[in-house]
Amino acid sequence: MKTFEELGIAEPILKAIREMGYEMPMPVQEEVIPLLLGNDNDVIALAQTGTGKTAAYGLPVLQKTLVPQTVTQTLILCPTRELCLQIAGDLSDYSKYLNGLRVLPVYGGSSIESQIKTLSKGVHIIVATPGRLLDLMNRKKVKLNDIQNVILDEADEMLNMGFSESIQVILAEVPSSRNMLLFSATMPQEIARITKRYMHNPVEIVIGRKNEGNENIRHIYYMVHARDKYLALKRIVDFYPNIYGIVFCRTRKETQEIADQLIKDGYNADALHGELSQTQRDYVMQKFRVRNLQLLVATDVASRGLDVDDLSHVIHYGLPDETEHYTHRSGRTARAGKTGLSIAICHVREKKKLQNIGKNISKPFEKGVLPTGKAICEKQLFNLVDQIEKVKVDEKEIVSLMPSVFHRLEWLEKEDIIKRLISMEFNRMIDYYRDADEIEMVDEASSRKNGQKERSNTRSRKPEEGYKRLSLNFGKANGLFANHLIELVNRCVPGKVPIGRIDLQENVSYFEVKDSVAQRVISQMNSYEVDGSVIHVQYAGEKEGKPNDRRNRSKKNSDKPWRQHQPERAGYKKRNRRW
């Protein structure tokens, strides 16, 4: 392996990166740096996040910059504000001893007037998100005619976020004689089209294999019932007391709900999604960076380019549809040669998606078994003991207080003090898992075979104390989900109805309501229909008729009313009752 000096990096930059702790170049740096130090070299580099790619293009770009010429010579495009600031900050650190070199981050959510003012003074390198740069170009406040290097960082993510058209408009404005480097974790077809159109005989560098995940990441999945996903998440988090990770959700609503529930349950967590203001996003990210948060619950878009080191876990509360998204998610951990865990919490319907992702990243998932309550308590206890062993004692500060403390506790034996200390810190966890049921793991292979048995068990399941279990003649086959069932009850039954456990089956659903309102729920709901489909509710366990009997339906209506309509617009109507 060559050193940075042997790769051709000049002394002022070498001095700066040595102070930052850089010793030997990483594989992607060893491949890319010599090419970018030359001329007329277009490069496609396929590498995961955390492989050192910022230095791979940043060091040669800085070295080639002509500082006396205060014109923009390099343009770096990236998908998000966070990554934009990270790159600009790294370049500023690398150029510490290059006097007069100016780097400007250009992104939305910050004052465009301030950015215009800085541009007017002259900058050498612009790091930009496509949307804000296009805005500046339309205002004719940025000049790209002297650009010598164009870098697209996380190109696949920019395309996933809908920047394809903006990128093409920008690239059409830069000189055709420039060097161009495209960095991407994956190589979808749209990127291939861009490279063919805008790059000249590019050299392709692949660190690992195309579309392959980081080798240092273990991929584990837990297959549970959909209703148990949050309980599974809690067990995973509790089993890793020092977890520092990101929980990925599919939607903004789910992200906020999961974060709120974790906070309610006593975890150091917060949400990051597109509905937050830029100030809120910055506040959440600052808390996460300084580890005031252990868990960041985020959507894919909100998490692009997060500048966070040493993440131990990435948890997929819902699997993404695209392998590229999974690769970027899991790539948040195991950065810079470290190891990490990527954990997927799945239900049976995600089995095919799980198989496709495993095949595309060339690394099969390990099937995990959720830890028992006893195992979690042991893990937490040993972690507490470990913290006690390693705590730093400030003798000078506490020496005057200790005589009084010893006097107060002298009636207790050493063993009693240890027990009380552990109980004080640990009782909540013990109490929770003492009464918690073990989560049923789903056997994918036999889930279909045992479907009838599961439905039978669901029908006869004992309700929570103080609740009655009811059955409804609609199920998953009708497009019914838990939120639809709750909305249906609220529409049909006046007043507040406390709803407990919900179990959705293919053609029938079960839900629990308080004893005091059960009969009222049955009476009220049985007087309604949805799009000509008669609602039938009764106590679970009674002799049940055929679910969703089509004789009760209007022929013109679909047998899947919830898929045909938005829930709030479904055709609810009170039936004319014969007395």
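Only this structure's heavy atoms are used, side chains among them; waters, hydrogens and symmetry mates stay out. Quick caveat: nothing in here was measured; it's all calculated off a predicted structure.
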Inset, instruction - Take L233 and I315 through the side chain to side chain contact (heavy atoms under 4.5 Å, CB included) test and state the conclusion after the steps. - result: CA-CA 8 Å; L233 172 63; I315 300 176; 3.9 Å; yes

Inset, instruction - Before giving the answer on side chain to side chain contact (heavy atoms under 4.5 Å, CB included), spell out for V106 and V127 the whole-Å C-alpha distance, their side-chain angles and the decisive distance to 0.1 Å. - result: CA-CA 6 Å; V106 169; V127 187; over 6 Å; no

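Under a 3.5 Å cut-off, the side chain of N149 and the backbone N or O of N179 do not form any donor-acceptor pair. Checking side-chain atoms of D42 against main-chain N and O of M180 turns up a donor-acceptor pair under 3.5 Å. Judged by distance alone, with hydrogens and angles left aside, the side-chain atoms of Q29 form a donor-acceptor pair with the main-chain N or O of G52 at under 3.5 Å. Side chain of S312 to main chain of Y244: a donor-acceptor pair is present (N/O by atom type, distance under 3.5 Å, no hydrogens or angles). Within the 3.5 Å criterion, the main-chain N or O of Q505 finds no donor-acceptor partner in the side chain of K476. Of the possible polar contacts, none joining the T129 side chain to the P79 backbone as a donor-acceptor pair under 3.5 Å is found. Without hydrogens or angle criteria, N478 side chain to F474 main chain gives no donor-acceptor distance under 3.5 Å. A donor-acceptor pair is defined here as one N or O able to donate and one able to accept, closer than 3.5 Å; such a pair exists between the side chain of Q294 and the backbone of I243. Panel note: side chain S164, backbone L159; no donor-acceptor pair is recorded below 3.5 Å.
The side-chain heavy atoms of I357 and T327, taken from C-beta on, include no pair separated by under 4.5 Å. By the 4.5 Å heavy-atom criterion applied to side chains, Y230 and Q261 are counted as neighbours. Considering only heavy atoms from C-beta on, Y198 comes within 4.5 Å of R178 through its side chain. Counting heavy atoms from C-beta outward, H347 and H225 have side chains that stay 4.5 Å or more apart. You'll find the side chain of I345 reaches within 4.5 Å of the side chain of I236, heavy atoms only.
Residues L276 and Q280 share a closest heavy-atom pair of CA-OE1, 3.3 Å. Smallest separation of non-hydrogen atoms from L36 and A56: CD1-O, 4.2 Å. Between V442 and K367, the shortest heavy-atom distance links the atoms O-NZ, 3.9 Å. The minimum heavy-atom distance linking V174 with L75 is given by the pair CG1-CD2, 4.5 Å. Closest of all the heavy-atom pairs between A55 and P60 is O-CD, 3.9 Å. In terms of heavy atoms, S110 sits closest to Q115 at CB-NE2, 3.8 Å.
Here the straight-line distance linking atom CG of N268 with atom CZ of R291 works out to 12.5 Å at 0.5 Å rounding. In this structure, OG in S509 is found 8.5 Å from CD1 in I502, a value given to the nearest 0.5 Å. For the atom pair CD1 of I126 and CG of L133, the computed distance is 6.5 Å after rounding to the nearest 0.5 Å. A distance of 13.5 Å separates CE of M223 from CG of D228, quoted to the nearest 0.5 Å.
With sequence neighbours excluded, the residues satisfying ring-ring contact (aromatic ring centres under 6.0 Å, His included) with Y57 are F183. For the ring-ring contact (aromatic ring centres under 6.0 Å, His included) test, no residue two or more places apart in sequence or in another chain qualifies with Y317. F365 pairs by the ring-ring contact (aromatic ring centres under 6.0 Å, His included) definition with H219, Y326, not counting sequence neighbours. Scored by the ring-ring contact (aromatic ring centres under 6.0 Å, His included) test, H313 finds Y240 as partners (sequence neighbours excluded).
Between the side chains of N383 and N242, at least one donor-acceptor pair of N or O atoms lies under 3.5 Å.
Just one of Q256, R281, R252 meets the side chain to side chain donor-acceptor pair (under 3.5 Å) condition when paired with H273; it is Q256.
A 6.0 Å sphere centred on NZ of K359 holds no more than 12 heavy atoms belonging to other residues, nucleotides or ligands.
Between D282 and R81, at least one side-chain nitrogen of the basic residue sits less than 4.0 Å from a carboxylate oxygen of the acidic one, meeting the salt-bridge criterion. The pair D321-R250 counts as a salt bridge, with a side-chain nitrogen and a carboxylate oxygen less than 4.0 angstrom apart.
Residue pairs that meet the salt bridge (charged side-chain N to carboxylate O under 4.0 Å, His left out) test with at least one member in residues 162-174, sequence neighbours left out, do not exist here. For residues 233-242, the salt bridge (charged side-chain N to carboxylate O under 4.0 Å, His left out) pairs, not counting sequence neighbours, are K234-D265, R235-E438.
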